[in-house]
There are 2 protein chains.
Amino acid sequence: MKMERKPVRRSRGRPRSFDRDQALDRAMAVFWERGYEGTSLEELLEAMRINPSSLYSAFGDKERLFQMAIDHYLEGPGSYMVPILENEPTTKGAFEKLVRAAAKELTRPDQPSGCMLSLALNHCSPAAASVQAALTERRAKSLARLQARIEHGIAEGELPPKTDARELARFFMTILQGMSVQARDGASRDSLLATAQAAMRAWPV
Amino acid sequence: MKMERKPVRRSRGRPRSFDRDQALDRAMAVFWERGYEGTSLEELLEAMRINPSSLYSAFGDKERLFQMAIDHYLEGPGSYMVPILENEPTTKGAFEKLVRAAAKELTRPDQPSGCMLSLALNHCSPAAASVQAALTERRAKSLARLQARIEHGIAEGELPPKTDARELARFFMTILQGMSVQARDGASRDSLLATAQAAMRAWPV
DNA sequence: CGATTTTTGAAGTAAATATTCCAAAAATAC
DNA sequence: GTATTTTTGGAATATTTACTTCAAAAATCG
């Protein structure tokens, strides 16, 4: 049972000649590699293999395309954290697996290095302020997930009751974001794994 | 004993009407805040309060100005690490002081948040490739300084002989770079201090 | 003083940028 | 088949970008 193109019922006009999801995937790759402001429309159009009219009618404008690309990233290559945090039996085990998985994911040869969300828009011109707001929100959500798992661990007695869940979550966010910068700077997977291992030594007793 | 303007001997032509160092300082501030590619000539000219001809005759072009601004940063606001690494009696004490100082420096209200070098050019368009090379070199130098202090510590018997100095240095680089991202994302000084404290728990025994 | 040298200011330029326009194309609805 | 709707391709546009030009200004040199 394979689907031809888009299996959705046709609306009236001329059908779209490209695969929207594939185009978004390609846009994501370029934004991931070059950042929001560092990516030109020309690069996007070439990578997506569509022309301006198609891009604007399908995705709105550069800003909205970027936001869709970020969400596409978080549901795809950036989604590896969720099942680890949810399914690992122990909290410490979850974080251990998390940082090791990050070391691997952030240095995959078939992808741009580092985390698209961590690296995006650390410099913000006034023009990109609204994009940055959206990113900040998503980073906050990511932090909240780490924190929730730690709080769960405290409740289960896996961690000292006095543990500051938010600050421990922030420590791991710092590690993950730093690993992204390292990956961008050419650090090897083994280096990141060593950092992951070091980070776990900071786990509260 | 205060100097009027530039005390250097006058060369022949019309004297420069602005203070080169002050202009560079202002350029640094803008680049630090907005990044290399995020800063326009117009913003630079306004901040430096000079006109295009003056900028180009005094600093070459945008790229060379940025490199001078980076060096200006490393000799100024970014120089706080050097004396700590050189003067602290123990290696562990040096790193403890280092991460605490970073937490403070990266969240100073009178400066752009984060480290100018860590945050610069994590996305690189082909146009900025040569600038990025210069940055990579400087980051490597920074890493080497951390590594050197750790190796010194190993030699002095402060650290286990089997300690991998390069990887431990990278761990702390990761922490410092992650703290810069956190600072950019609005994390408070106290948060960074908590992260600094957590990082020290990873110190080898 | 007059010649020389360097900086200044303001306007100018060439390229890149994000976005829009519009006629032609390709589908469905009647 | 004709009308309607939507997408396409390519050209056009307005703005911003980094950078240059050049005459006038302001200094030193002889």
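Side-chain atoms are counted along with the backbone in the values below, which use heavy atoms only and exclude waters and symmetry mates. Below, chain A is the first sequence line, B the second, and so on; all start at residue 1. Just so you know, these numbers come straight off a predicted model, no measurement behind them.
Atom CZ of A:Arg49 is separated from atom P of D:dT7 by 21 Å (rounded to the nearest Å). Rounded to a whole Å, the CZ atom of A:Arg16 is 16 Å from the C1' atom of D:dG9. As a whole-Å value, the separation of A:Ile50 CD1 from D:dG9 C1' is 12 Å. Between the CD atom of A:Glu37 and the P atom of C:dA18 there is a distance of 10 Å, rounded to whole Å. The CZ atom of B:Arg20 sits 14 Å away from the C1' atom of C:dT7 (whole-angstrom rounding). Between B:Leu44 atom CG and D:dT17 atom P the separation is 11 Å, expressed in whole Å. Rounded to whole angstrom, the span from the CZ atom of B:Phe66 across to the P atom of D:dC19 amounts to 14 Å. Residue A:Glu46 contributes atom CD, which lies 14 Å from atom P of C:dA16 at whole-angstrom precision.
In this view, B:Glu46 satisfies the salt bridge (charged side-chain N to carboxylate O under 4.0 Å, His left out) rule with no residue, not counting sequence neighbours. Partners of B:Arg138 according to the salt bridge (charged side-chain N to carboxylate O under 4.0 Å, His left out) rule, which considers only residues two or more places apart in sequence or in another chain, are B:Asp71. The ring-ring contact (aromatic ring centres under 6.0 Å, His included) search around A:Phe66 returns A:Phe31, A:Tyr36, not counting sequence neighbours.
Atoms CD and CZ, on B:Gln22 and B:Arg49 in that order, are 7.0 Å from each other to the nearest 0.5 Å.
At a threshold of 4.5 Å between non-hydrogen side-chain atoms, the residues A:Met68 and A:Arg20 count as touching.
When each of D:dT17, C:dT17, C:dA26 is scored by its nearest atom to the side-chain atoms of B:Glu42, the top-ranked nucleotide is D:dT17. Of the listed nucleotides (D:dA11, C:dG9, D:dT8), D:dT8 has the atom at the smallest distance from the side chain of A:Asn51.
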Go through the steps for A:Asp110 and A:Arg108 under the test salt bridge (Lys or Arg N to Asp or Glu O under 4.0 Å), then give the verdict. CA-CA 5 Å; A:Asp110 60 333; A:Arg108 283 176 62 151; 2.9 Å; yes
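For B:Arg201, the CZ atom sits in a packed shell: over 12 heavy atoms of surrounding residues, nucleotides or ligands are nearer than 6.0 Å.
The ring pair (Phe, Tyr, Trp, His ring centres under 6.0 Å) pairs that include a residue from residues 73-131 of chain A are A:Trp32-A:Tyr73, A:Phe95-A:Phe172, A:Phe95-A:Trp203, where partners are two or more places apart or lie in different chains.
Applying a 4.0 Å cut-off to non-hydrogen atoms, the residues of residues 53-62 of chain B that approach DNA chain C are B:Ser53, B:Ser54, listed by residue number.
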Listed pairs, N/O of protein and of nucleotides 3-5 of chain D, under 3.5 Å:
| residue | atom | partner | partner atom | Å |
| --- | --- | --- | --- | --- |
| D:dT4 | O2 | A:Arg12 | NH1 | 3.1 |

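Results of the side-chain hydrogen bond (donor to acceptor under 3.5 Å, both in side chains) test with B:Glu158 over B:Thr90, B:Thr163, B:Thr91 single out B:Thr91 as the only residue that passes.
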